[in-house]
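Input: a single structure, listed below in structure tokens.
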Amino acid sequence: MLKLFNTLTGRQEVFEPIEPQNVRMYVCGVTVYDYCHIGHARSALVFDVLRRYLEYSDYAVTFVKNFTDVDDKIIKRANEQGVSCDAVTAKYIQAYHEDMGKLGIRAPTEEPKATEHIADIVRLTERLITKGFAYVVDGDVYFEVSKYPDYGRLSKRRLEDLQAGARVDVDERKHHPMDFALWKSSKPGEPAWESPWGPGRPGWHIECSAMSIRHLGDTFDIHGGGMDLIFPHHENEIAQSCGATGKEFARYWVHNGFVQINKEKMSKSLGNFFTIREIFEKSEWSEAVTGEVLRYFLLSTHYHGPLDFSDQALKEAKNALNGFYDLFARLGETGQGSPETDYSLQFSIGFTQEMFRKGMNDDLNTSVALAELQQLKSSINKLLGQGLSTEARRVAREEFRSLGNCLGLFQLDRWQFVVPVSESLLVNIDETTAVPSTLTDTDIELLLEERKKARSQKDFQRADEIRKSLANQGIIIEDKPDGTARWKR
RNA sequence: GGCGCCGUACCCAAGUGGUAAGGGAGCAGUCUGCAAAACUGCGAUGCAGCGGUUCGAACCCGCUCGGCGCCUCCA
């Protein structure tokens with residue numbers, strides 16, 4: 001039974017979807033005016049894992065993640081670059097898809113855009129005016145927070161407390177300083193749509209209400225996003241949606257913690273952020289490996305807490321992953337087993353499945369889930385020492401694929417961590433890092449054949465020469481007891 | 001001023017009342033022509049500090065110290 005920490009109630013709760021077999025989930029995506037940083041990656045990954053785990057637990061999942069493609073920052077960026085807003089959003093939506101693809105984040109069921117839901121937004125705004133939750137001033141429409149008694153329920157704030165700390169200039173036309181825009185009249189040159197209140201564009205929060213209701217219905221199961229969205233974004237979404245429909249909105253509110261640099265929040269204003277593509281470009285590892293390392297790193301901590309990003313942390317994740325893929329290489333080889341080891345393997349797998357689920361069920365505790373997979377790795381390494389049949393090895397590898405799939409890990413056929421030559425031509429590699437190998441797999445096999453001969457003739461000098469020259473190109477040889485060798489880049 | 005989070009070994013990190021998971025790094029050993037991998041062993045008598053509750057506390061309560069977040073666009 002999955003338990004999730006619900007921001008709305010401040011407690012862990014047993015997750016029960018409205019429809020027994022189908023989960024409806026909405027996650028706030030990004031405003032597309034710039035490249036995504038690791039903080040965005042974490043958020044996307046957390047909900048990707050939640051979705052994967054729900055599917056592993058036999059639910060069908062309808063997963064909606066939006067793009068905010070109309071916003072002040074987009075307009076500003078378009079003006080700076082002297083291009084249209086559409087050009088800006090198209091560019092960064094494509095970049096988003098590329099980045100998420102490299103991270104192995106699966107595409108949502110739907111990826112609605114705000115600009116494609118203007119009619120829904122206008123209708124929703126009209127409903128709020130009709131119901132007395134909103135008022136019109138000079139072509140702008142504002143939501144009146146004092147008309148919504150539960151305002152502050154999600155973020156655990158009272159209106160009075162909010163006022164005390166308000167750091168924004170108060171717009172005199174608003175009835176209350178915390179009232180927020182549903183519809184903004186447009187200035188010349190800004191994107192605009194016709195509306196009953198004149199040409200304008202949606203406010204900051206209404207789009208998510210409109211899109212989630214459109215794609216998931218008035219009431220749905222899970223609404224997610226980063227911690228910083230709790231207030232005001234999600235608070236306002238609740239006010240708008242519940243105000244308009246009179247029904248419950250999302251039932252479980254899930255928020256992920258921040259990625260930090262030296263214990264400080266990663267953010268644009270502090271200038272201490274790393275974009276996802278920057279990490280891939282600077283990485284000395286292949287793209288697939290870098291993606292998986294990033295995933296492993298981001299999942300090493302529980303999603304709710306802060307997570308400090310550093311080079312060292314990435315290396316530790318990489319080293320931890322090496323152990324798994326070294327094991328997988330051995331599991332790919334043939335071997336002899338026994339009824340005893342087969343039984344032990346089955347037992348270990350069963351135990352791991354149970355503990356893995358227990359960890360994941362506990363508010364998606366990926367640290368525990370990873371620890372259980374480490375234990376299984378260790379058990380299987382021991383069994384390998386005693387002998388495991390080819391079939392047992394296949395079963396073991398499949399289990400890692402299956403459990404790993406919940407986390408998006410362990411799906412690679414080969415752990416090729418040195419950048420192969422074809423990729424290195426496209427990537428700007430730091431001169432000081434390992435020289436990429438120009439050898440093809442066949443070249444390597446031939447050299448290994450020669451080395452095998454040399455070894456059998458006790459020509460260890462020649463054997464070591466070959467090992468050394470391969471090592472210089474980032475290729476590591478591991479001798480097996482039968483005289484053959486396995487290798488990895 | 002209001003709301004909230006965090007402080008566990010060299011590093012990362014679980015554990016929220018029953019006597020400290022896991023990983024990385026390190027050291028020692030087994031195996032090996034060498035190497036790598038793997039395996040074995042070592043590693044916090046203690047969980048920021050001080051008090052309190054309890055048969056029993058890293059976990060509950062209080063205070064103190066230190067770090068951070070939100071209240072403004074932000075994953």
Side-chain angles (χ1 to χ4, degrees), chain A residues 7 10 27-31 33-34 36-47 68 71-73 76 152 155-158 160-169 178 204 224-233 235 255-260 262-270 273 296-297 300-302 304-308 310 312-324 326-327 329-330 355 359 362 365-375 377-378 380-382 384-386 455 458-461 463-464 467-468 471 476-481 485-488:
Chain A
T7 308
V27 171
C28 288
V30 292
T31 302
Y33 73 103
D34 206 347
C36 290
H37 58 61
I38 322 215
H40 298 110
R42 185 181 193 193
S43 186
L45 181 56
V46 164
F47 294 103
T68 297
D71 168 270
D72 290 346
K73 291 188 290 293
K76 191 174 164 224
S155 55
K156 318 267 184 291
R157 292 161 213 262
R158 294 173 307 168
E160 308 88 82
D161 297 338
L162 287 167
Q163 262 179 283
R167 276 182 275 159
V168 256
D169 294 334
M178 295 313 295
W204 306 310
M227 290 273 188
D228 45 2
L229 296 181
I230 295 173
F231 191 90
H233 186 59
E235 192 71 61
H255 293 99
N256 65 276
F258 297 126
V259 176
Q260 309 181 318
N262 295 324
K263 310 276 182 202
E264 278 186 325
K265 178 184 173 182
M266 182 184 286
S267 76
K268 300 248 160 125
S269 48
L270 287 167
F273 63 93
Y296 192 98
F297 160 69
S300 62
T301 302
H302 182 83
H304 211 260
L307 173 59
D308 232 64
S310 68
Q312 194 201 336
L314 242 36
K315 283 205 179 85
E316 287 185 6
K318 163 72 165 45
N319 288 341
L321 240 16
N322 282 345
F324 282 103
D326 282 339
L327 169 64
R330 266 167 264 138
M355 297 308 283
D362 183 17
N365 195 328
T366 47
S367 309
V368 166
L370 250 18
E372 295 306 328
L373 291 166
Q374 291 281 3
Q375 301 250 43
K377 179 192 74 160
S378 174
I380 294 177
N381 269 326
K382 276 171 218 160
L384 235 24
Q386 295 164 38
R455 288 182 72 211
K458 304 263 186 248
D459 182 1
F460 295 123
Q461 197 181 339
D464 289 347
R467 179 200 289 287
K468 206 173 172 187
I476 295 162
I477 300 171
E478 284 180 32
D479 290 328
K480 292 191 275 185
R486 67 173 77 91
W487 61 276
K488 58 187 179 183

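In this text, all values refer to a predicted model and were calculated from it rather than measured experimentally. Residue numbering restarts at 1 for every chain, and letters A, B, ... go by the order of the sequence lines.
rC31(B) and rA38(B): their C1' atoms are spaced 9 Å apart (whole Å). rC61(B) and rU53(B) are spaced 7 Å apart, taking the C1' atom of each and rounding to whole Å. rG67(B) sits 26 Å from rU45(B) when the P atoms are compared, rounded to a whole Å. rC59(B) and rU8(B) are spaced 11 Å apart, taking the C1' atom of each and rounding to whole Å. Rounded to a whole angstrom, the distance from the C1' atom of rC47(B) to that of rG17(B) is 15 Å. Across the C1' atoms, rA57(B) and rG49(B) are found 16 Å apart, a figure rounded to whole Å.
Base engagement by R467(A) is indicated by at least one non-hydrogen atom pair under 4.0 Å involving a base atom. In this structure, N381(A) reaches the sugar-phosphate backbone alone: every heavy-atom distance under 4.0 Å involves primed, P, OP1 or OP2 atoms, never a base. Looking at heavy-atom distances under 4.0 Å, I477(A) makes contact with a base. Within 4.0 Å of V27(A), counting heavy atoms only, lies no atom of the nucleic acid at all.
Look at K468(A) and you won't find any side-chain N or O under 4.0 angstrom from OP1 or OP2 of rA35(B).
Checking R157(A) against S267(A), the closest nucleotide of RNA chain B that is more toward the 5' end is the one next to R157(A).
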For each nucleotide in nucleotides 14-26 of chain B, reading 5' to 3', give B when a protein heavy atom comes within less than 4.0 Å of its base, S when such contact involves only the sugar-phosphate, and - otherwise.
SS-----BSBSS-
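Considering only side-chain atoms of D228(A), the nucleotide from rU40(B), rC3(B), rC74(B) that sits closest is rC74(B). Closest approach to the F258(A) side chain among rG33(B), rA75(B), rC68(B) is made by rA75(B) (side chain taken as heavy atoms from C-beta onward).
Judged purely by distance below 3.5 Å, without hydrogens or angles, the side chains of D71(A) and T31(A) never pair a donor atom with an acceptor atom.
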